[in-house]
Participant: 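Structure incoming, see below.
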Number of protein chains: 2
Amino acid sequence: MAYTVGQVARVAGVTVRTLHHYDGIGLLSPSGRTPAGYRRYNDADLQRLQLVLYYRELGFPLEEIAAIIDDPAADPAAHLRRQHELLTVRIKRLQEMVTAIEFAMEASKLNIQLTPEERFEVFGDFEPEEHEAEAEQRWGDTDAYRESNRRASRYGRDDWLRIKAENEDWGRRIVALLASGAPADSPEAMDLAEEHRQIISRWFYECSYEVHTGLADMYMADERFTSHYENIAPGLAAYLNEAIHANAISRA
Amino acid sequence: MAYTVGQVARVAGVTVRTLHHYDGIGLLSPSGRTPAGYRRYNDADLQRLQLVLYYRELGFPLEEIAAIIDDPAADPAAHLRRQHELLTVRIKRLQEMVTAIEFAMEASKLNIQLTPEERFEVFGDFEPEEHEAEAEQRWGDTDAYRESNRRASRYGRDDWLRIKAENEDWGRRIVALLASGAPADSPEAMDLAEEHRQIISRWFYECSYEVHTGLADMYMADERFTSHYENIAPGLAAYLNEAIHANAISRA
DNA sequence: CTCCCGCCTGCCGTTACGTCAGGGTCAAGC
DNA sequence: GCTTGACCCTGACGTAACGGCAGGCGGGAG
């Protein structure tokens, strides 16, 4: 029913010094002391310690942990639910890192060179939530968006490598075409626009000509997309936009 | 091809100060400087940074990370394999925490009270590896051991709750019997011994009478087991041992 | 009564940065 | 050519979460 520091430390897998520290900062003070001044922990203290350790494992600073635990509006069950949720989020994050590693392993086997952005995708501050929120706002709750998400979540590393390879191949060809001076409404340019549409259809969602031109206009309106294409080759964004429109008109 | 601190920081999701720090301690010094003294990072630096961040995420101290990365006997592929392995270990650990949480949620729903040991199972220093290594040494590569492991790995929280409940029920009854003064070779004691054998058979592995008596002797020889039973009630370990032997003889 | 282990309270050390302070740099715009 | 704002530099001190040690009391086994 009552435990000394050493016993608590052993069963909880922490050091005595840690318990002293938690006592010192008021995060976990034992419910009592012996006449000699020895700390005595009871079951309630252990329960609290368990909460502390879980939240600590999840990366919270101790001060915040104190606030969370002392929140009067949180019963034990609420903590369990919360920790469960946080744990699954962390696991998901680590699994993303695993797929990133697997991706890199595949890429290195195939001698594909990763860009810095790809390298740090899992760390970078592109903030998937932000991204996703923006995409949702922009795309709305359209069928295409949901379809894309549904399909994308099914792809494995091999698929992504294929997509990447296809995309890079296509990119090289349109850059070459732009450099060659062929106009954006030339048959070659329109063919590449058509190919772009089919890549999207094959891998992400059914992309009609109408949807395709809408996509092209969005590319132009969104600085993030234009800068992406402009970085590949200056003038490419506008060139692609024009080619997509020409293609849609000629095939309609 | 060459990046400033700020650019590197943004893409890698760290602060500029962190890069300064890594430079300061020699963990990651940029390959060059501009005439004005600005740090210039190239692709190789970014690659190294990526390694650093992965190992950091995995909880390694920076000094150790430097040693790992500068290990001449580790090519990029080896790092990928290593990180992959470490990540899966961490994921497994977190998943154990999840099952522990789920276990606690179930237990709290059913109003079952957890013991401190159970509470800290996932943290405690019982060191599963140590445990497992010992069990393997002790049990050898027996069929029973493998069977037990195979079955145990299939159980979910509900199963464990059932096992726990059954076990506690059995425990209460044998403690009561011991307290009642019934001798260890009384029919009641032998019935409880038989029940013990069947619990093991049902949940873990086929437990013959011979195996059962062997198990009982091992309990007696192993201080960890005896102290477990002695903690429940003094004299219980020896009582159970005797009852199991009596039961095996009478049914043989 | 002694011995050894466990507990106590300072107090300084360490890791991995955060956070200014004080001062140069660079590209853009007037 | 000059300003301006964003970006870079080097100290230097601060912080969180303990680790580790010193110096001293407590307590039960022999």
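Just so you know, these numbers come straight off a predicted model, no measurement behind them. Just so it is clear: chains get the letters A, B, ... in the order the sequence lines come, proteins before strands, and each one is counted from 1.
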Participant: Of all the nucleotides listed (C:dC8, C:dA16, C:dG18), which has the minimum atom distance to the side chain of B:Thr18?
Facilitator: C:dG18

Participant: In whole Å, what is the span from the CD1 atom of A:Ile25 to the C1' atom of D:dT15?
Facilitator: 13 Å

Participant: Heavy atoms from C-beta onward define the side chain here; which of C:dC17, D:dA17, C:dC7 lies closest to that of B:Leu62?
Facilitator: C:dC17

Participant: Base, sugar-phosphate alone, or nothing: which one does A:Thr34 contact when heavy atoms must sit under 4.0 Å apart?
Facilitator: nothing

Participant: Check the distance between C:dC7's C1' and A:Arg40's CZ and give it to me in whole angstrom.
Facilitator: 11 Å

Participant: Atom CD of B:Glu63 to atom C1' of C:dA16: distance rounded to whole Å?
Facilitator: 12 Å

Participant: For the pair made of NE2 in A:His21 and P in D:dG19, what is the distance, rounded to whole Å?
Facilitator: 9 Å

Participant: Any idea which of D:dG19, D:dT10, D:dA17 is nearest the A:Thr15 side chain?
Facilitator: D:dG19

Participant: Starting at CG of B:Leu19 and ending at C1' of D:dT10, how long is that distance when rounded to a whole Å?
Facilitator: 16 Å

Participant: May I ask you to evaluate whether B:Arg39 reaches the phosphate of D:dC8, defined as a side-chain N or O under 4.0 Å from OP1 or OP2?
Facilitator: no

Participant: Is A:Asp71 salt-bridged to A:Arg82, cutoff N-O under 4.0 Å?
Facilitator: no

Participant: With respect to the side chain of B:Pro61, which nucleotide from C:dC8, C:dA16, D:dT10 is positioned closest?
Facilitator: C:dA16

Participant: Round to the nearest Å and state the distance from B:Leu49 atom CG to C:dC17 atom P.
Facilitator: 11 Å

Participant: Can you tell which of C:dC17, D:dC18, C:dT9 lies closest to the side chain of A:Arg56?
Facilitator: D:dC18

Participant: Looking only at heavy atoms, what is the nearest atom pair of B:Leu80 and A:Ile101, with distance?
Facilitator: O-CG2, 3.6 Å

Participant: Over how many whole Å does the gap from A:Tyr41 atom OH to C:dG6 atom P extend?
Facilitator: 16 Å

Participant: Please walk me through it: do B:Arg90 and A:Glu57 pass salt bridge (Lys or Arg N to Asp or Glu O under 4.0 Å)?
Facilitator: CA-CA 12 Å; B:Arg90 280 228 59 176; A:Glu57 182 84 17; 3.6 Å; yes

Participant: With respect to the side chain of A:Val5, which nucleotide from C:dC7, C:dC17, D:dA16 is positioned closest?
Facilitator: C:dC7

Participant: Do B:Leu51 and B:Gln47 make a side-chain contact, defined as non-hydrogen atoms from C-beta onward lying under 4.5 Å apart?
Facilitator: no

Participant: If you compare every side-chain N and O of B:Tyr22 against the phosphate oxygens of C:dA16 (OP1, OP2), does one of them come in below 4.0 Å?
Facilitator: no

Participant: What is the distance, to the nearest angstrom, from the CG atom on B:Leu27 to the P atom on C:dT15?
Facilitator: 13 Å

Participant: Closest approach to the side chain of A:His20, judged atom by atom: which nucleotide of C:dC17, D:dG26, C:dT9 is it?
Facilitator: C:dT9

Participant: If you find the nucleotide of DNA chain D closest to A:Tyr38 and the one closest to A:Arg17, which residue's nucleotide is nearer the 5' end?
Facilitator: A:Arg17

Participant: Does this structure show an ion pair linking A:Asp45 with A:Arg39, if we count only N-O contacts that are shorter than 4.0 Å?
Facilitator: no

